[in-house]
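Below is one structure, written out as structure tokens; comments come after it.
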Protein chains: 2
Amino acid sequence: MATIYDVAKAANVSPKTVSRVLNGDAPVGDKTRDAVNAAMAELGYVPSNAARMMRSNRSGLIGLITGAISAPTENVQVAGLPELMLVQGIQQIIGLSGKTLMIADSGGQRDRVPHLIETFVRHRVEGLIYVAEYHQKVQLPRLPDDVPMVLANCFDDAGTPAVLPDDRRGQHDLVARLIAAGHERIAYLTLREDIVATGLRKAGYRDALAEAHLPYDASLVQCGELINPDGETQVLWDAIDRMLRLPVPPTVFCCGNDRLALKVYGILRSRGLLVPSEISVAGYDNYRVIAETLYPPLTTVELPYTAMGVRAAQRLIGLISGEGREDLAPSIVAGPVQWRGSVTDRRPNNVSQLKIVREE
Amino acid sequence: MATIYDVAKAANVSPKTVSRVLNGDAPVGDKTRDAVNAAMAELGYVPSNAARMMRSNRSGLIGLITGAISAPTENVQVAGLPELMLVQGIQQIIGLSGKTLMIADSGGQRDRVPHLIETFVRHRVEGLIYVAEYHQKVQLPRLPDDVPMVLANCFDDAGTPAVLPDDRRGQHDLVARLIAAGHERIAYLTLREDIVATGLRKAGYRDALAEAHLPYDASLVQCGELINPDGETQVLWDAIDRMLRLPVPPTVFCCGNDRLALKVYGILRSRGLLVPSEISVAGYDNYRVIAETLYPPLTTVELPYTAMGVRAAQRLIGLISGEGREDLAPSIVAGPVQWRGSVTDRRPNNVSQLKIVREE
DNA sequence: TCAGCTTATGACACCGATGTCATGACACCG
DNA sequence: CGGTGTCATGACATCGGTGTCATAAGCTGA
């Protein structure tokens with residue numbers, strides 16, 4: 001591969017002059033510049049980042065570690081999409097800043113992370129982003145002091161800057177919207193108890209009930225997901241069955257995520273109940289492959305992955321340029337409710353009174 | 001950040017000796033080695049890849065460009081997962097080879113690809129993989145001659161080595177399996193005509209019919225997808241309606257992909273038809289979020305993305321080590337049929353006669 | 001006309017590793 | 001005892017750019 005010396009020789013100038021043409025950091029005569037450009041094109045010259053970096057000590061690289069690190073029993077294929085969207089948001093911002101994103105995939109093995117970090121440090125990345133596939137707590141090895149890091153969709157005990165989804169507010173907004181639509185008996189089929197989001201969303205659910213002075217009924221809140229997915233459909237069926245037999249049964253099922261809602265559709269229909277005319281269903285995630293494809297389309301809450309990626313990248317860029325190292329509070333990003341045909345609107349006029357604005 | 005000179009000074013040896021400890025390429029005295037290791041740990045020394053690369057001229061980097069380059073009207077969120085699985089397969093092999101994967105995301109803008117390639121060449125990647133989100137034809141800018149490239153899930157006119165899914169065989173295997181299960185009137189709701197896979201899969205569908213000496217009936221093959229997704233549900237409804245009113249209606253609907261099958265579930269059920277007892281449904285992709293979550297779970301064909309990624313990476317490694325540059329034929333990778341509860345098995349004893357083995 | 005300035009260019013050292021070659025200290029062997 | 005080989009180590013050049021400083025040419029103004 002051609003070097004700056006080859007170009008200099010071909011253009012009959014010194015290497016330094018070629019460097020000046022490349023970087024435009026000092027005046028160069030028009031004829032000289034043309035000769036250099038011609039020589040570069042002729043030789044197919046592309047400058048070496050490694051050499052440039054040695055001198056300047058600035059790599060222009062940002063490292064990104066994407067987890068796919070899941071609980072051992074979890075289905076690998078279910079995950080992944082959130083991370084992809086986070087990565088796209090991150091890429092947008094990093095690309096704009098002129099830096100290059102290096103992505104490493106741990107392939108689900110948590111113990112590979114230290115090795116990936118080591119590789120990044122060898123490349124002298126200017127900062128690191130760690131992305132988790134779902135809202136969780138993580139523990140990462142310590143980094144050299146001069147490499148800033150941001151956590152996306154996860155947090156740790158060490159106070160590393162983090163960007164998280166606003167699960168509490170998202171669930172609150174959805175339930176508030178359901179109440180405005182005339183629903184008062186709102187069932188909630190939650191995700192597993194050990195998931196961070198479950199606790200937050202339950203709190204949001206109660207917030208909305210309390211705000212509307214509706215009673216909280218524990219028999220309307222049940223877990224619909226198992227760690228071992230084998231018997232899951234049965235558990236879900238039983239939970240739904242119990243709730244439908246209550247003296248005052250629910251008029252809507254909120255589901256822990258859109259995948260759960262998809263299962264609930266199947267179960268309700270096999271019981272002969274029509275969605276939404278006889279029973280309403282809502283999800284969480286705005287997993288569009290499901291939410292928009294279901295018939296009828298699913299009301300859900302958007303998990304603002306792309307926006308979170310954007311925010312995480314912005315925070316990292318800020319840290320790299322040295323500002324605001326003292327601001328350690330996590331950034332919380334909320335997503336809007338996506339209202340679709342799976343929920344009946346019993347009092348449409350109420351809705352106009354409700355103001356929910358969530359846009360990034 | 002500490003350099004090899006700092007370590008040398010701290011350990012009272014020459015930089016070259018430190019280098020020898022790092023690389024183990026020449027004998028070093030035990031006491032010296034211990035002193036050097038202690039100094040490295042003390043200083044938190046991590047070698048600089050840039051400097052190493054300058055001498056050796058081998059970067060140890062592989063570039064990966066992931067498309068998310070979709071037709072303008074296509075839903076961005078629907079895509080992505082296939083690429084992620086391809087990337088995981090690629091990562092497995094690249095990681096084993098001791099090289100580092102650099103991933104760049106074009107974020108859906110085709111015109112950014114040349115820039116990404118330029119960036120990779122600046123980093124002196126030893127090879128490039130280009131990943132597309134669905135089986136398609138692409139056209140990429142020319143690379144420097146000494147950078148080998150492999151296309152994954154796509155192909156071009158220039159004869160660049162490619163790895164592709166075996167759509168024809170996949171659809172054939174599924175239909176053959178349906179026939180073995182006693183189905184003779186097999187409807188096929190295809191994807192858009194302009195997609196490469198559609199033509200191949202239709203051919204596979206006809207192959208299987210011909211093999212079983214069943215007649216091909218054009219009224220059983222209809223397109224179920226539109227370029228503009230707005231009226232799609234209506235088109236699908238009409239297509240299904242027409243087929244169900246045929247003198248001899250189909251007993252099973254094959255769908256172009258699992259997402260389409262999800263829609264078909266909704267439509268069939270809203271017509272009061274029970275799946276699978278009254279009508280069977282099959283998909284394509286083995287998009288597990290859908291296929292395993294649907295009720296009943298969906299029979300489908302696996303698109304072997306991970307295996308394709310593995311194959312692509314292996315081919316690239318081969319090219320880099322200089323072997324087999326003459327082998328230009330695309331690698332075709334087939335995936336197995338996933339038989340689940342959405343199709344009735346009318347003649348279970350037949351199935352044992354059918355031998356379909358597809359595993360990677 | 002010449003000091004003083006700007007413009008255009010080159011010589012040289014340097015960034016942090018590693019390859020090449022040289023050197024000194026031993027051990028072994030005839 | 002001296003020649004030869006192995007081991008352990010260091011001096012120095014080198015990879016491909018860029019920062020620093022020097023230099024030569026051209027222009028201005030008193």
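Residue numbers start from 1 in every chain, and the chains themselves are labelled A, B, ... in the order their sequence lines are given, proteins ahead of strands.
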Are any non-hydrogen side-chain atoms of B:Pro165 and B:Val333 less than 4.5 angstrom apart?
-> no
Validation: residues 153-162 of chain B side-chain donor-acceptor distances under 3.5 Å, sequence neighbours left out:
unit_1: B:Asn153; atom_1: ND2; unit_2: B:Ala132; atom_2: O; d: 3.1
unit_1: B:Asp156; atom_1: OD1; unit_2: B:Ala158; atom_2: N; d: 3.2
unit_1: B:Asp156; atom_1: OD1; unit_2: B:Gly159; atom_2: N; d: 3.3
unit_1: B:Asp156; atom_1: OD1; unit_2: B:Thr160; atom_2: N; d: 3.2
unit_1: B:Asp156; atom_1: OD1; unit_2: B:Thr160; atom_2: OG1; d: 3.4
unit_1: B:Asp156; atom_1: OD2; unit_2: B:Thr160; atom_2: OG1; d: 2.7
unit_1: B:Asp157; atom_1: OD1; unit_2: B:Lys137; atom_2: NZ; d: 3.1
unit_1: B:Asp157; atom_1: OD2; unit_2: B:Lys137; atom_2: NZ; d: 3.1

In whole Å, what is the span from the CD1 atom of B:Ile4 to the P atom of D:dT9?
-> 15 Å
To the nearest Å, how far apart are A:Asn12 CG and C:dT9 P?
-> 12 Å
Determine, stepwise, if the pair B:Val131 / B:Ile90 fulfils side chain to side chain contact (heavy atoms under 4.5 Å, CB included).
-> CA-CA 10 Å; B:Val131 173; B:Ile90 291 167; 3.9 Å; yes
Quick one, which residues of [range] touch DNA chain C with a heavy atom under 4.0 Å?
range                     : value
residues 47-61 of chain B : B:Pro47, B:Ser48, B:Ala51, B:Arg52, B:Met54, B:Arg55
residues 16-38 of chain A : A:Lys16, A:Thr17, A:Arg20, A:Pro27, A:Val28, A:Gly29, A:Thr32
residues 39-46 of chain A : none

Begin from the C-alpha positions of B:Ile117 and B:Leu143 and carry the test side chain to side chain contact (heavy atoms under 4.5 Å, CB included) through to its verdict.
-> CA-CA 8 Å; B:Ile117 290 180; B:Leu143 288 180; 3.2 Å; yes
Rounded distance (nearest 0.5 Å) linking atom NE2 of B:His123 with atom OG1 of B:Thr100 | 12.5 Å
Counterpart residues, salt bridge (charged side-chain N to carboxylate O under 4.0 Å, His left out), relative to B:Arg122 (two or more places apart) | B:Glu118
Can you list the residues that meet the salt bridge (charged side-chain N to carboxylate O under 4.0 Å, His left out) rule with A:Lys16, with sequence neighbours excluded?
-> none
Stepwise, does the side chain to side chain contact (heavy atoms under 4.5 Å, CB included) test hold for B:Leu316 with B:Ile62?
-> CA-CA 9 Å; B:Leu316 185 65; B:Ile62 301 292; 3.6 Å; yes
Report all side-chain donor-acceptor pairs from residues 40-56 of chain A shorter than 3.5 Å, counting only partners two or more places apart or in another chain.
unit_1: A:Ser48; atom_1: OG; unit_2: A:Ala50; atom_2: N; d: 3.3
unit_1: A:Ser48; atom_1: OG; unit_2: A:Ala51; atom_2: N; d: 3.2
unit_1: A:Ser56; atom_1: OG; unit_2: A:Arg52; atom_2: O; d: 3.1
unit_1: A:Ser56; atom_1: OG; unit_2: A:Arg58; atom_2: N; d: 3.4

Contacts of A:Ile332 meeting side chain to side chain contact (heavy atoms under 4.5 Å, CB included) (sequence neighbours excluded), chain-then-number -> A:Leu164, A:Asp166
Which residues pass the side chain to side chain contact (heavy atoms under 4.5 Å, CB included) test with A:Asp25, sequence neighbours left out?
-> A:Arg20, A:Asn23
Bending between helix ends of the helix from C:dT1-D:dA30 to C:dG30-D:dC1 [5 pairs per end, 10° resolution] | 50°
Residues two or more places apart in sequence or in another chain: which of them pass side-chain hydrogen bond (donor to acceptor under 3.5 Å, both in side chains) with A:Glu126?
-> A:Lys99
Report the residues that fulfil side-chain hydrogen bond (donor to acceptor under 3.5 Å, both in side chains) with A:Ser14, sequence neighbours left out, ordered by chain and then residue number.
-> A:Thr17
